[in-house]
Amino acid sequence: MAVAQSKLKRVSAACGRIHFFWRHIIRRKPIKIDVIGDSHTLFWSGTDHNAHAGPPRPKKFAYRFNTHWVGPGLAYNLTRYGTTNGTREKIDELLLARIPKNAFLMLVFGEIDIRVHMLKGNREGTRQRIDKALYNYLAFCLELRDRGYHVICHGPIASQKDNQPMNVEFPRHGTERRRNAVTRLFNKKMETMCRDNGLLFFTLFDLTIEKNMATKAGVICDGCHLCTKKLYLIALQRFAATFSRSRMLRVVWNRKSGRH
C-alpha cells in the first residue's frame, strides 16, 4: 500500500511539472501578482497617476499585475486599525473578498511616510521613525505570510524635486536630497529585513536617483509618481529578473507540481 501511494505521488508530481511547463513555459500563461498599496500601485497597471498609458506590456510577458489602490496608506499604520485612511480595514476586506490565500502580494508603502512624516523633528527622531515604520511593516508582512500569502516588498522611489511647486495633494517636509537619503536608508533596512525573514525585496529606487542624491529629471510624471512611458518596460524586465532568481519561482513550480 505504501509503495503504491509513493508511486502515485511521484506520478502526480510528474503530471504537475508537465502542467507547469505547458502552462507557464509553452503557453506562457502569466503568473498573477496582486499589487496592494498607495497610489504608486497604479504604475503597475501600465497607467501613471495622470492616466497616461505607458508602452504596452510584452504579449508573452510571464507576469500579470492586478493593482489595488487602498488610498494614502502609511507603512507605519499597517498593523493599526481605526486610522484616518482605514488602510488595514481596506486590505483585510480586499483579501477576504478578492484575493485567495497562497497568492503573490506585492506591497507598495513607505513613500508617503518618508515625504510627509520622517523628517519632522531632529535626525535622531528620523531614525526612530524609520525603525518604527519598518517594524510595523515587517509585522504585517509576517502576518500575511503566516496566513498563507507570498509577500514581496516594493521599496519606495526617489522623492519629488525641490523645484516642484507645493501641492496639497502631495505635501512634503525636508529637502529633496534629505528625503532621498532617508529613502535610501529605508530601502537598505527593508532589504535586510526581507532577506532575514524570507521575503522578497524589490525596488526601482536606483533608477530614479542621481549620485548626488537628487531625483533624476524626467522619471516623475506629476511631481510624485513614476512616469510609465519612461520606466514601465524597464520595471517589468527588472521584476521578471528579480522574481525568477528568488524562491518565489519555486513556489509556483511546487504549486503546479502538487507540492506544499
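These numbers come from a predicted model, not from an experiment.
Residues in residues 66-75 take part in no salt bridge (charged side-chain N to carboxylate O under 4.0 Å, His left out) pair, two or more places apart or across chains. Sorted by first then second residue, the salt bridge (charged side-chain N to carboxylate O under 4.0 Å, His left out) pairs that include residues 189-204, not counting sequence neighbours, are Asp131-Lys189. For residues 34-43, there are no salt bridge (charged side-chain N to carboxylate O under 4.0 Å, His left out) pairs, not counting sequence neighbours. Residue pairs satisfying the side chain to side chain donor-acceptor pair (under 3.5 Å) criterion with at least one member in residues 158-168, sequence neighbours excluded, are listed as follows: Ser159-Arg179, Gln160-Arg172, Lys161-Glu176.
Within the 3.5 Å criterion, the main-chain N or O of Asn212 finds a donor-acceptor partner in the side chain of Arg177.
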Output a table of donor-acceptor pairs, distance under 3.5 Å, between side-chain atoms of residues 132-139 and any protein atom two or more places apart or on a different chain; print 'none' if there are none.
unit_1 : atom_1 : unit_2 : atom_2 : d
Asn136 : ND2    : Tyr76  : O      : 2.7
Tyr137 : OH     : Leu107 : O      : 3.2

All N/O donor-acceptor pairs, side-chain side in residues 235-242, below 3.5 Å, sequence neighbours left out:
unit_1 : atom_1 : unit_2 : atom_2 : d
Arg238 : NH1    : Thr203 : O      : 3.2
Arg238 : NH1    : Asp206 : OD1    : 2.5
Arg238 : NH1    : Asp206 : OD2    : 3.3
Arg238 : NH2    : Asp206 : OD2    : 2.9
Thr242 : OG1    : Arg238 : O      : 2.9

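No more than 12 heavy atoms of other residues, nucleotides or ligands lie within 6.0 Å of NZ in Lys188, so this atom counts as exposed by the packing criterion. For Arg178, the CZ atom is densely surrounded, since the number of other residues' heavy atoms within 6.0 Å is greater than 12. Counting non-hydrogen atoms of other residues, nucleotides and ligands closer than 6.0 Å to CD of Glu93 gives a total of 12 or fewer.
Closest approach of His40 to Cys224, counting heavy atoms only: CE1-O, 3.2 Å. Shown here for Thr67 and Ser45, the closest heavy-atom pair between the two residues is CG2-N, 3.6 Å. The heavy-atom pair separating Val108 from His154 by the smallest distance is CG2-CB, 3.8 Å.
Between Phe170 and Glu111 the shortest side-chain heavy-atom distance does not fall below 4.5 Å. Within the 4.5 Å cutoff, no side-chain heavy atoms of Val116 are placed close to those of Leu74.
Looking at Thr87 and Asn85, their side chains do bring a donor and an acceptor atom within 3.5 Å of each other.
When each of Tyr232, Trp69, Phe65 is paired with Trp44, the ring-ring contact (aromatic ring centres under 6.0 Å, His included) condition holds for Phe65 and for no other.
In the hydrophobic clustering of this structure, Phe109 groups with Leu144; members are Ile, Leu, Val, Met, Phe, Trp, Tyr whose side-chain heavy atoms approach within less than 4.5 Å, directly or through other members. Note on Phe43 and Leu233: same hydrophobic cluster, where clusters join Ile, Leu, Val, Met, Phe, Trp and Tyr whose side-chain heavy atoms are under 4.5 Å apart, directly or indirectly. Hydrophobic clustering, with ILVMFWY side chains joined whenever heavy atoms are under 4.5 angstrom apart, groups Met118 together with Leu78. Neither Leu204 nor Phe186 shares a network with the other; the hydrophobic side chains, linked directly or stepwise wherever heavy atoms of I, L, V, M, F, W or Y lie under 4.5 Å apart, form separate groups for each. The hydrophobic clustering, which links ILVMFWY residues whose side-chain heavy atoms are closer than 4.5 Å, places Phe140 and Val35 apart.
Taking CZ of Phe243 as the reference point, atom CE of Met106 lies at 10.5 Å (rounded to 0.5 Å).
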